[in-house]
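Report on the following structure.
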Amino acid sequence: MTDLSAPAWGDELPSGADIVVVGAGIVGTAIAARLAATGADVCLLERAGPAAGSSSSGEGNLLLSDKLPGPELDLAMRSLSLWHELGDEAGARIELERKGGLVAAWDAAQLSALHALADRQEAAGVAVRRLEGVDLADVEPQLSRHVAGAVFYEADSQVQPVHAVAHQLERAVANGCRTVRGAEALRWRSGVEGAAVLETTCGSLRVGTAVVNAAGPWAGELAARLGSDLPVVPRRGHVLVTEPVVSVTAHKVYEADYVGSIHDAGDGWQCSSVVESTASGTMLLGSSREFVAWSAAPAPAIVAAIAERAIALFPGLAGVRLLRTYIGFRPATPDRLPAIGWDAEIPHLLHATGHEGAGIGLSLATAEAVQCLFERRTPPVGLEAFDPARFSEAPEPTKTAPT
Amino acid sequence: MTPPDLAFTFDGRPLAARPGASVASALLANGIRTWRHTRTLGEGRGLLCGIGSCFDCLVDVRTDTGTERAVRACVTSLQGGDAVSTSESMGASRTEVRAAVHAGMPAGVLRADVLVVGGGPAGLAAAEGAIEGGVSVVLVDNAARLGGQLMRQPSSDSGGSCPPLSPWLAARHPRLAAAAELAGAPGLAGAPGLTIATGAGIWQLRAGKHCVVAWLEDGLMVEATAVVLAPGATELVAPFPGWELPGVVTAGAAQSLLKAHGQLIGRRVLVSGSGPFLFPVAAGLADAGAKVVAVVEALPARGLAPMVAALARHRDKATEAATYAVALVRRGVPVRTGLMVARCEAGPDGAVSRAVVVPTGEAGGEGRRDAGRALVSDRARVYDVDAVCTSFGFVPRLELARQLGVAEEVRPGQTFAGIRCDEGQATSLAGVFAAGEVTGIAGGEVAALGGAVAGAAAAAYCLGRDPRGGEGDPRGAPAGRRVLRARRFAERVGLVYRTAVPLGVIGDGTVVCRCEDVRAGTVRAALDAGAASSREVRNATRCGMGYCQGRTCGPVVQLLLAEALRTTPAAVGDLQKRPVATPVRLELVARGAGPPA
């Protein structure tokens, strides 16, 4: 098991690097691995540890089902195909599983809206199966009989995100990327003529081409430290983990209003049931969305609501015991779309963040897009909708979180 | 007249047990030591902690009302007609989603001035102190009976009736005595101003502006103005090859089995590990008729010299030590120092049959990364046994404190963090008090004295009074001196034993996390890959993600990390952040948030 030749990570801060990636989460490590593989001079800074933030606080979703047709679905489809390539390479290590997703509608109105969405997704190339009655019971025998109908998305997949980050980190290090642990980016050093110098808690380093902001939900704060204004704020979520059970479902199953809850930025909190099993036999139950800054204490009312809605979807869960809960923070933008591209004002600053709850899934296409930006190539998926400049152009229509 | 035996079955075999038996004590009384098989390798498991903390002893129990899957044999009372069966796994292959069939307490909300968490010496003293202070109390303990580990009560000898109240409770806590008499069985009991809820743990504790709210695993909710945290500690078990075999248990498990059920853990027992706790356990087992083949202390005699000096300064402790020494000498139990269990081996039935003991220094380093090779030492000694009791001290149980967010500290002489509190037992949060082992391992005397202070302080807080009583409490000063004295002794003891956990013997193939079957090699691979905190090790390896949520392996992960990073166990963080302090059925979680917290 122990491979002593495995690259331990954690270098001294170098005096400079062409590209400095901030954040060793799924996005930062994917970018570092990809750039290092092309021979780029990359340094990865991480203030805590690999996958210490959002990357280890979600379920590892690689979903198409919850993406509205358009740029985000295009990016998700591109990313999913890259994940499958990575899965072929990394084998069982990253636990990539094409488990399939099932979206359940409670009534005729929800079902017809779901079908309308599925039609558009199908037109965009997503494989969908409309299920009702006996067909639905065949696919999900333990699902509540009160579910009116569902759509099954066979491409929806899952990955073990902590292992995926570890894998990307190893690839990056193997290709010469320097990684500095415990280094928090602070500010540009002022008064340095003709060069960009980044100050960190471990000292300063010269930046050749860019600092890549892959700081996830902290990206807004990092942008501010570097003189920019990027409206990325933490959107909190709860996940409940049950004791191991015989498979209640082999898929990821969620309520149709989940898609709405992602795009609803209203006050208070939203809760929409997401139920799935894991390789270890435990079940993960989600999900909630709320803007409460960095509040770390679980909210009893939300934990109760998630349990209640999970039981509504799968009544047999009532007697299953809850083992733990955890909290994560999604990097949310006002329009729920990621921010990928050069900063509108600040030179040497490129953003790759704001993926909300889809960062694991979108990370690989994001890394590919970042590489294309550096190489001045056209990325496979257009980045116009993700341009960070969009936030400074129009007045902000939706509410942002209190800070 | 002897009450009739309980008839039950295990995997279809008809058996009988004494009334009041737990499932575990009933199985052991019938010579059954293995009753679970692990999910990944199918290895046998049996009792480990004996107090409901480790979740290693899971069985399935079919009763009249339905089947309960994966319940803890050590804390589940056996009922006549129960069909007990092997739990094939931690659940994945056997546990089916089931409708709830529990006949627990009715859901309801209790309100009181003070919530006392824990029914051991600290909690009982706190409840008594609060009642004396003129306020109402709800006392919650997850065990079926009050007393905690130190003052564990015998189980009832007939289903549902009350056990005879042992004299210590009547003498120490007269106001609790009547209510405790009623609290003989899990459930609710009470006297004016006092409600006792036993047999269910708190899974969630929240502090609001002027109240605390506790959610119990059976659906009960308790709302109070102040809380005294006295949940005690869990035993530190250091792994060695074969520590997962059925028959290898914590010293505390052997003691509680004997105290509560009069059941011996084995006929030929080795007591090993490090710390003063080994002696009362060994003496108790020997007095009850077990052949204790040896008491094996990992520290060498020279390392124990400061202990002798400490005892010389604390006459009462020396007297207690002498009692155990006399008992061990009388029973012919040899005490050997500077030795440790290098590995345990299984007999034909898969449970422990031999323990290989080697000098501590020699074992160190040999086992590491060398799981396949046997440890060889000239001075190795092999004991034929049917049980091994192991203990390396105690770890404050912080999960509820962590949920509230009270400040912690590592007191002098302690290895692990405890709740920080002042001389009035107040924590960093208003209305939250703490006492006993959760504030640092110091023994029953400090716990009881601190509990009394905490209870009085909590009462004063509720009534808006100065906790010091204004005029000066005549009992306060001498009690304070006794606490200081006892703490100083605990400090000396802690300094003697703090280095005694031998990590070198943990080979790569040795199980670290028993719930998730994670081996030391996997943990070390995570360390090699750069993991620098317990949380990172957990996320990378699943260590601590099982039923017990790292209660058993968490301290071991801390010690391994601290060794690798050359720092202290407290510095690498622990796995005690548990938003769900004990597993709870989802339907009870769904019942709602209750009163605003």
Side-chain angles (χ1 to χ4, degrees), chain A residues 1-4 6-10 48-52 56 142 162-163 166 169-170 179 181-182 238 240-248 280-283 285 296-312 314-327, chain B residues 39 68-70 89-102 203-204 206 213 215 217 369 403 405 508-509 516 519 521-522 524-533 535-536 539-540 542 545-547 549 578-580 582-594 596-597:
Chain A
M1 208 51 214
T2 310
D3 179 8
L4 290 173
W9 93 297
S56 58
Q142 302 215 37
V162 176
H163 293 177
L169 200 52
E170 273 176 30
T179 58
R181 190 188 178 115
H238 290 67
L240 278 57
V241 187
T242 72
E243 66 184 319
V245 289
V246 159
S247 111
V248 173
S280 60
T282 58
M283 311 257 331
L285 315 179
I302 294 179
V303 171
I306 291 173
E308 186 185 8
R309 299 199 66 163
I311 294 168
F314 290 97
L317 284 171
V320 171
R321 286 170 291 186
L322 174 68
L323 289 193
R324 62 196 180 98
T325 64
Y326 57 88
I327 273 175
Chain B
R39 188 164 72 228
E68 299 214 30
R69 308 275 178 186
S89 67
M90 298 303 280
S93 66
R94 274 286 183 88
T95 306
E96 292 158 13
V97 176
R98 61 195 149 81
V101 291
H102 296 251
W203 69 270
Q204 182 174 248
R206 289 273 166 273
V213 184
W215 287 259
E217 61 183 303
R369 302 185 190 284
Q403 288 187 5
D508 278 358
E516 293 293 311
R519 312 269 153 174
T522 308
R524 291 199 175 107
L527 299 184
D528 290 341
S533 69
R535 182 179 177 271
E536 284 174 56
N539 288 344
R542 296 196 62 77
M545 281 195 184
Y547 274 106
Q549 290 291 295
R578 296 183 193 112
V580 180
T582 193
V584 55
R585 296 198 311 283
L586 281 169
E587 62 186 338
L588 295 175
V589 176
R591 208 171 261 178

(request) Taking all non-hydrogen atoms of both residues into account, name the closest pair between B/Glu536 and A/Pro50 and its distance. (result) OE1-CD, 3.8 Å
(request) Go through the structure and list residues passing side-chain hydrogen bond (donor to acceptor under 3.5 Å, both in side chains) with B/Arg535, not counting sequence neighbours. (result) A/Ser56
(message) Looking at chain B, which one of A/Ala305, A/Ala166, A/Ala52 has the largest number of heavy-atom pairs inside 4.5 Å, strictly under?
(response) A/Ala52
(request) Answer with side chain, backbone, both or neither: which region of B/Arg519 has an atom nearer than 4.5 Å to a non-hydrogen atom of chain A? (result) neither
(request) Heavy atoms only, distances under 4.5 angstrom: which of A/Val162, A/Thr282, A/Leu240 has the most pairs with chain B? Name it, please. (result) A/Val162
(request) Considering only heavy atoms and a distance below 4.5 Å, find which of B/Gln403, B/Gln204, B/Glu217 pairs most often with chain A. (result) B/Gln204
(request) Check whether any side-chain N or O of B/Arg578 sits under 3.5 Å from a backbone N or O of B/Gln549 as a donor-acceptor pair, and report yes or no. (result) yes
(message) List the residues meeting side-chain hydrogen bond (donor to acceptor under 3.5 Å, both in side chains) with A/Thr242, not counting sequence neighbours, and say none if there are none.
(response) none
(request) Please flag which part of A/Ile311 lies under 4.5 Å from any non-hydrogen atom of chain B: side chain, backbone, both or neither. (result) side chain
(message) Heavy-atom pairs under 4.5 Å with chain B: which of A/Ile306, A/Ile327, A/Leu323, A/Val303 has the most?
(response) A/Leu323
(request) Compare every heavy atom of A/Leu285 with every heavy atom of A/Ala310, then report the nearest pair and how far apart it is. (result) CB-CD1, 3.9 Å
